[in-house]
Amino acid sequence: MPGQVHRERDILDLWERGVALDRWRREDALLAGHAPPRRLGARNTALLALRNAHFHGAWPILSTCPHCGIELEFTVDSAALLADLSADRDNGAVTIEWRGTRLAAHAPTVEDLRAAAMKEHPQAVARTLLAQCLEGLDADACDDDALEELGAQLEALDPAAIVQFDLTCPDCAHAWPALLDIGETLWAEVRNLAERTLLQVDALARAYGWSEAEVLALSPLRRAAYLQLAEAQ
Ligand SMILES: [Zn+2]
């Protein structure tokens with residue numbers, strides 16, 4: 001099955017590009033060749049398109065019920081999600097009205113997030129992000145309500161930046177919005193498949209002396225059969 005070989009090699013290549021990097025650099029590396037977008041919504045869309053090019057449509061996602069702690073799996077149709085996200089308009093740079101003044105604003109970029117992530121306290125993170133994105137704002141003077149209100153205005157500039165699903169726990173009926181971190185979830189998917197492939201290559205190389213290319217060229221059925229035989233030895 002040539003498709004299988006191609007896909008595994010592509011996934012191993014993606015894994016190799018990203019494995020030694022922190023998350024933002026890793027995403028840039030995964031998107032290399034596509035001029036990685038800086039704004040979060042466009043970045044989500046590009047990462048999702050990458051996901052759809054390498055994996056099948058149904059995307060299994062795990063979320064933990066914040067009330068009773070059980071973990072549940074739900075499935076996202078990633079082709080439909082990509083269509084949804086692509087339809088969202090990224091408003092880019094605009095002016096927003098805020099308590100009688102006008103502030104030049106831009107939707108958050110990776111660089112803005114990186115600056116905010118240097119802070120430890122959640123409020124300091126929020127203040128830094130707002131100060132990065134809203135020119136002339138005195139973020140230190142903002143109370144909790146102001147932080148929340150401005151945060152919502154910022155989110156509205158780039159709806160595809162935050163992807164969430166309304167879930168209801170089957171055990172305790174608690175409802176919550178589950179955030180889907182597209183970059184991290186895609187990376188987990190790439191890493192899992194790459195590690196599984198590496199383990200299979202390793203097992204068959206040890207048992208039979210085959211090269212990586214030879215193992216990857218086996219059909220899935222033959223590979224599974226050889227893996228069983230090698231294990232039985
Ligand atoms: Zn629950």
Side-chain angles (χ1 to χ4, degrees), residues 3-64 71-94 106-114 116-117 129 132-133 151-168 176-197:
Q4 166 92 8
V5 177
H6 184 62
R7 176 168 167 251
E8 279 183 332
R9 284 214 187 102
D10 287 349
I11 298 294
L12 284 174
D13 285 347
L14 285 176
W15 171 79
E16 196 173 8
R17 273 195 249 160
V19 70
L21 303 173
D22 68 38
R23 80 160 291 176
W24 307 116
R25 289 193 185 87
R26 184 168 68 223
E27 289 180 6
D28 283 347
L30 294 182
L31 293 170
H34 299 72
R38 309 324 291 164
R39 290 213 178 98
L40 303 179
R43 201 170 172 88
N44 273 341
T45 310
L47 287 164
L48 198 53
L50 180 72
R51 197 264 160 192
N52 290 351
H54 292 286
F55 294 92
H56 298 299
W59 203 6
I61 310 290
L62 292 173
S63 184
T64 304
E71 195 171 60
L72 59 113
E73 186 179 291
F74 63 105
T75 312
V76 171
D77 178 339
S78 68
L81 180 60
L82 179 59
D84 278 358
L85 293 190
S86 306
D88 280 332
R89 209 154 45 89
D90 168 358
N91 289 305
V94 293
H106 68 259
T109 64
V110 175
E111 282 67 32
D112 297 326
L113 270 197
R114 204 197 290 271
L129 189 60
Q132 288 277 125
C133 299
Q153 293 219 40
L154 215 52
E155 273 178 33
L157 291 182
D158 188 8
I162 295 176
V163 181
Q164 60 184 31
F165 297 88
D166 293 328
L167 297 186
T168 303
W176 77 100
L179 285 174
L180 171 57
D181 185 329
I182 291 181
E184 290 292 89
T185 310
L186 170 61
W187 177 246
E189 199 172 28
V190 167
R191 201 185 49 214
N192 286 341
L193 185 56
E195 287 175 356
R196 197 183 70 192
T197 307

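Residue numbers start at 1 and run along the sequence shown.
- Between Leu154 and Cys133 the shortest heavy-atom distance is CD1-CB, 3.7 Å.
- No side-chain donor from either of Trp59 and Thr185 sits under 3.5 Å from a side-chain acceptor of the other.
- Arg38 contributes no side-chain N or O that, together with a main-chain N or O of Val110, makes up a donor-acceptor pair within less than 3.5 Å.
- A search for side chain to side chain contact (heavy atoms under 4.5 Å, CB included) contacts involving Glu155 returns Ile162, not counting sequence neighbours.
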For Arg23 and Asp181, run side-chain contact (heavy atoms from CB on, under 4.5 Å): C-alpha distance rounded to whole Å, both residues' side-chain angles, the deciding distance at 0.1 Å, then the answer. CA-CA 11 Å; Arg23 80 160 291 176; Asp181 185 329; 2.8 Å; yes
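- A donor-acceptor pair is defined here as one N or O able to donate and one able to accept, closer than 3.5 Å; no such pair exists between the side chain of Asp28 and the backbone of Pro36.
- The minimum heavy-atom distance between Arg26 and Gly18, with the atom names listed, is CD-O, 3.3 Å.
- Considering Thr45, Leu47, Asp77 as possible partners of Leu82, the one that fulfils the side-chain contact (heavy atoms from CB on, under 4.5 Å) test is Thr45.
- Just one residue in the list Ile182, Thr109, Leu113 forms a side-chain contact (heavy atoms from CB on, under 4.5 Å) with Leu40, and that residue is Leu113.
- Every residue was checked against the salt bridge (charged side-chain N to carboxylate O under 4.0 Å, His left out) condition with Asp166, not counting sequence neighbours, and none meets it.
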Between Ser63 and Trp176, is the side-chain contact (heavy atoms from CB on, under 4.5 Å) condition met? List the steps. CA-CA 10 Å; Ser63 184; Trp176 77 100; 3.3 Å; yes
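- Contact record, Trp187 with Leu14: CZ3-O, 3.9 Å, taken as the closest heavy-atom pair.
- Put simply, the side chain of Leu12 reaches to within 4.5 Å of the side chain of Thr197, judged on heavy atoms.
- Inter-residue side-chain proximity for Leu81 and Phe165 is flagged as met; some heavy-atom pair is nearer than 4.5 Å.
- By the 6.0 Å contact criterion, CD on Glu184 is enclosed, its count of non-hydrogen atoms from other residues, nucleotides or ligands being greater than 12.
- Taking the charged nitrogens against the carboxylate oxygens, Arg39 and Asp112 have no contact shorter than 4.0 Å, which rules out a salt bridge.
- The two residues Leu21 and Ala29 have their closest heavy-atom pair at CD1-CB, 3.7 Å.
- Every pair passing salt bridge (charged side-chain N to carboxylate O under 4.0 Å, His left out) that includes a residue from residues 186-195 is listed here, sequence neighbours excluded: Arg51-Glu189.
- Counting all heavy atoms, side chain and backbone alike, Ser78 lies closest to His56 at OG-O, 4.4 Å.
- Looking only at side-chain heavy atoms (C-beta outward), Pro108 and Gln132 stay at 4.5 Å or farther from each other.
- In this structure, Ser86 and Leu48 have side chains that are not in contact, with every pair of non-hydrogen atoms separated by 4.5 Å or more.
- One finds the CG atom of Leu30 at 9.0 Å from the NE2 atom of His54 (value rounded to the nearest 0.5 Å).
- The two residues Ala178 and Leu167 come nearest to each other via the heavy atoms CB-CD1, 3.6 Å.
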